[in-house]
Amino acid sequence: MNNLHAQNHNFIEMIKYASKAPSGHNTQPWRFKISGNEVEILPNLADTLAAVDPDRREFYISLGCAVENFCIASEHFGFDPQILRQNADGVLIHLRKTETVTGSDLFDQIEKRQTNRSVYNGKTIPEDTVKILQSIKLQEHTNVYLAKTGDHLADGLTNYVMHGNDIQMVDDAFKTELKEWIRFNKGEVKKFENGLTYSTMGFPAIPRFLGEIILKSVLTPKAQNKSNLKQINSSSHLILFTTENNSVEDWLNLGRSLQRFLLEQTKLNIVNSFLNQPCEVKMLSESMRETLPINREFPQILMRIGYAKEMPYSPRKNLKKIVE
């Protein structure tokens, strides 16, 4: 009985680290079910983003990020994780206690990783460090393209971001959904334990009615393009993640690759934030696939990286709300 209690305690700890994964609008769209020597990472369909992610592409990429965190944490606690099933219904992982598993040095980066939406310091990442990022092992059917700011590919990606803003910032459904996930003050952060918080976005805490008034002037194509262009110009590189197929299996694999990449760059003191607008607009995503030098792969995640001071961390749900 004591052994079972200790094992479940370890599994709960692994889940805590899995839940540190990034997700669209910080929805944290996962649940975890413990059954004997198995843990199931399940999609929480109540936390889907119908306007920005109607196909649930980013939803399953986020789930894949949580899977990677869980596997890294399980090895740290002396378990060998074996994925038994991976599909739209979730990911089933069997855990075997072993003395031979060597924990990853990425484990210590899980709690340090964050999405940093600030303006960066403009410093360029050295070439030897870029080579380290390019050598990161990815899951099958996933790929990554690094483009130095100012290069032809980076300029092309920047133009797509601008076009994405032109489309999304006049879409009432998109803006309404985004507004619903912004947490304008400490009371809302404490109540929901999710969402885009005022502190991570660099805003002061304000009442919701005032925040919604301010958003009307901020959520415009012109304002968003100006902000994103300033952010991109302060960054070192743009990073585009792609998949060979546009399937749930590849989205989950991409999430695992993405999380590994994020943890590696955290270890190198590199920060990141997402610029997924063109990947979220179907017309632009299809155009990127046809016009960019990415071997007609499917563009899935776009982000910028560079150097900056640490920002506040996003909240996480109490484990009691996500563990069965």
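Here, residue 1 is the first one in the sequence, and each next residue gets the next number.
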Can you tell me if Tyr145 and Asn295 form a side-chain donor-acceptor pair at under 3.5 Å? yes
Are Asn228 and Asn225 linked by a side-chain donor-acceptor pair shorter than 3.5 Å? no
For His163, give me all partners under ring pair (Phe, Tyr, Trp, His ring centres under 6.0 Å), at least two apart in sequence or on another chain. none
Gap between atom CD1 of Ile132 and atom CD of Glu127 - 0.5 Å precision: 11.5 Å
Identified salt bridge (charged side-chain N to carboxylate O under 4.0 Å, His left out) counterpart of Glu40 within the set Arg31, Arg85, Lys33: Arg85
Sequence neighbours excluded - ring pair (Phe, Tyr, Trp, His ring centres under 6.0 Å) pairs with any residue from residues 213-234: none
Going by atom types only, do Gln231 and Asn233 share a side-chain donor-acceptor pair under 3.5 Å? no
How far apart are the closest heavy atoms of Arg256 and Cys71, and which atoms are they? NH2-SG, 3.9 Å
If you look only at pairs with a residue in residues 103-127, which of them pass as a ring pair (Phe, Tyr, Trp, His ring centres under 6.0 Å), with sequence neighbours excluded? Tyr17-Phe107, His76-Phe107
Just by distance, no angles: are the side chains of Arg113 and Gln265 close enough, under 3.5 Å, to form a donor-acceptor pair? no
For Ile239 and Leu146, work out which heavy atoms get closest and say how close. CD1-CG, 3.3 Å
Does Lys230 NZ have over 12 foreign heavy atoms under 6.0 Å away? no
List the residues meeting ring pair (Phe, Tyr, Trp, His ring centres under 6.0 Å) with Phe11, not counting sequence neighbours, and say none if there are none. Phe79
Would Gln109 and Thr266 count as having a side-chain donor-acceptor pair, cut-off 3.5 Å? no
Side chains of Ser257 and Thr142: any donor to acceptor distance under 3.5 Å? yes
Do Ile232 and Leu284 share a hydrophobic cluster (ILVMFWY, side-chain heavy atoms under 4.5 Å, transitive)? yes
For Lys267 and Glu264, what are the C-alpha separation, side-chain angles and deciding distance, and is it a salt bridge (Lys or Arg N to Asp or Glu O under 4.0 Å)? CA-CA 5 Å; Lys267 187 171 68 173; Glu264 289 280 5; 3.4 Å; yes
Establish, from distance only, whether the side-chain atoms of Gln300 and Asn246 form a donor-acceptor pair under 3.5 Å. yes
Crowding at NZ, Lys317 (>12 non-hydrogen neighbours, <6.0 Å): yes
Identify which one of Thr200, Leu196, Asn194, Asn26 satisfies the side chain to side chain contact (heavy atoms under 4.5 Å, CB included) criterion when paired with Arg183. Asn194
Scan residues 210-263 for pairs that pass ring pair (Phe, Tyr, Trp, His ring centres under 6.0 Å), counting only residues two or more places apart or in two chains. Phe241-Phe261
Nearest atoms (heavy-atom pairs only) where Thr100 meets Thr98: OG1-OG1, 2.8 Å
Can Ser287 and Tyr160 be counted as having a side-chain donor-acceptor contact under 3.5 angstrom? yes
Hits for side-chain contact (heavy atoms from CB on, under 4.5 Å) against Thr129, two or more places apart or cross-chain, chain-then-number order -> Ile125, Pro126, Leu268, Ile270
Could you walk me through whether Asn44 and Gln28 pass side chain to side chain donor-acceptor pair (under 3.5 Å), step by step? CA-CA 8 Å; Asn44 185 358; Gln28 305 168 55; over 6 Å; no
How long is the span from the CE atom in Met311 to the CG atom in Asn116, to the nearest 0.5 Å? 6.0 Å
Verdict with reasoning, Arg208 to Glu188, per salt bridge (Lys or Arg N to Asp or Glu O under 4.0 Å): CA-CA 9 Å; Arg208 171 162 285 272; Glu188 292 187 347; 2.7 Å; yes
Please walk me through it: do Glu280 and Gln168 pass side chain to side chain donor-acceptor pair (under 3.5 Å)? CA-CA 9 Å; Glu280 294 165 347; Gln168 289 185 331; 2.9 Å; yes
Nearest heavy-atom neighbours spanning Ala147 and Leu157: CB-CD1, 4.5 Å
Side-chain donor-acceptor pair under 3.5 Å between Arg56 and Thr48, yes or no? no
Within the 3.5 Å criterion, strictly below it, is a donor on Asn87 or Glu249 matched to an acceptor on the partner's side chain? no
